[in-house]
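Have a look at the structure below, then the notes.
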Amino acid sequence: MKSPGAEQWVPHDGGMKKLRAQLPNCRGCELWKDAEQAVAGEGPVRSRMMLVGETPGDHEDKEGHVFVGPAGHLLDKALVEAGIDRSDVYLTNAVKHFRFERQGKRRIHKTPSASQITACHPWLTRELEIVKPALVVVMGSVAAKALLGPSFRVTQQRGERLELPGGQAAVATVHPSAVVRSDEFRRDFARFVDDLRTAVELLG
Ligand code: URA
Ligand code: SF4
């Protein structure tokens, strides 16, 4: 069955408070059914920098906050290295509900499909309208699909100054969970931090 998409649940007036209040009602795709909760973006509404990840993971789904699991811990370390205060930036995901497969008692993350990314996009669009970040950090291929289109390749264009269709400056980088899993951790962590430093420089 085709998803209706989130549009009809996204308020087009009011601010972040109203947006957050409406998010749990969303039935824009089927992901709400198995997840514990929708996980809203967090951070100051007037942040100059917005970082966009993929979806909540197991920890985020249970706790109801973005980037509180292993990828979040890595992101925290990288932000510190890059001189970015987590409490100064707005952190969100391209898709607001956790997608997973059960393996025994474990819930294994599954990458959201193209149609789920599209279905959830109105939430991200509205967050961009409300926060109006001067710079968006696009983390990983799901966020890149959502914000830069299906043909964008993070591996080829990471760390460059980009522009989103809405005109915001942006930098693409890998997803922190890819760094967590990397066989060449030190190298990949350093590259991730470099991309975040580029973001800081572009903000000026
Ligand atoms: N990965 C994400 O993309 N977002 C989170 O909130 C946690 C892990
Ligand atoms: Fe709505 Fe997004 Fe959740 Fe799908 S993933 S139900 S579109 S909030």
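Both ligands and their constituent atoms are indexed starting at 1 by order of listing. Heads up: numbering here begins at 1 and tracks the sequence.
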Donor on one side chain, acceptor on other, His121 and Gln116, under 3.5 Å
no

Would you tell me whether Glu42 and Tyr90 have side-chain atoms, one donor and one acceptor, within less than 3.5 Å of each other?
no

For Gly53, counting its heavy atoms only, list the atoms of ligand 1 lying under 4.0 Å from any of them.
3 (O)

Which residue owns the protein heavy atom closest to atom 4 (N) of ligand 1, what's the atom, and how far is it?
Asn93 OD1, 2.6 Å

Taking the side chain as C-beta and beyond, is there a heavy-atom pair between Leu51 and Leu196 under 4.5 Å?
yes

For atom 2 (C) of ligand 1, which protein heavy atom lies nearest, and how many Å away is it?
Thr55 O, 3.0 Å

Does Phe100 reach the side chain of Asp58, with side-chain heavy atoms less than 4.5 Å apart?
no

In short, Gly14 meets Arg126 closest at the heavy-atom pair O-NH2, 2.9 Å

Ligand 1 and Pro56, any nitrogen or oxygen pair closer than 3.5 angstrom?
no

Does ligand 1 have an atom that lies less than 4.0 angstrom from a heavy atom of His175?
yes

Answer yes if Ile117 and Leu148 sit in the same cluster of Ile, Leu, Val, Met, Phe, Trp and Tyr residues linked by side chain heavy atoms under 4.5 Å apart, and no otherwise.
no

Leaving waters out, which protein N, O or S atoms fall under 2.8 Å from atom 1 (Fe) of ligand 2?
Cys26 SG

Please determine if Arg27 forms a cation-pi arrangement with Trp32, meaning its NZ or CZ atom is less than 6.0 Å from the six-membered ring centre and no more than 45° off the ring axis.
yes

Do me a favour and list the nearest non-hydrogen protein atom to atom 6 (O) of ligand 1 with residue, atom name and distance?
Phe67 N, 2.9 Å

Output yes when Asp88 and Arg48 qualify as a salt bridge under the 4.0 Å nitrogen-oxygen rule, no when they do not.
no

State, yes or no, whether a side-chain contact exists between Val171 and Leu162 at a heavy-atom distance under 4.5 Å.
no

As a test of understanding, state which of Arg99, His175, His109 forms a side chain to side chain donor-acceptor pair (under 3.5 Å) with Glu54.
His109

If we number the atoms of ligand 1 from 1 as shown, the ones under 4.0 Å from a heavy atom of Val66 are 6 (O)

Side-chain donor-acceptor pairs of residues 70-84 under 3.5 Å, sequence neighbours excluded:
| unit_1 | atom_1 | unit_2 | atom_2 | d |
| --- | --- | --- | --- | --- |
| Asp76 | OD1 | Arg86 | NH1 | 2.8 |

Relative to the heavy atoms of Val95, which atoms of ligand 2 are at a distance of less than 4.0 Å?
5 (S)

Sub-4.0 Å atoms of ligand 1 with respect to non-hydrogen atoms of Glu54
2 (C), 3 (O)

Would His65 count as a polar contact of ligand 1, with the cut-off being nitrogen or oxygen pairs under 3.5 Å?
no

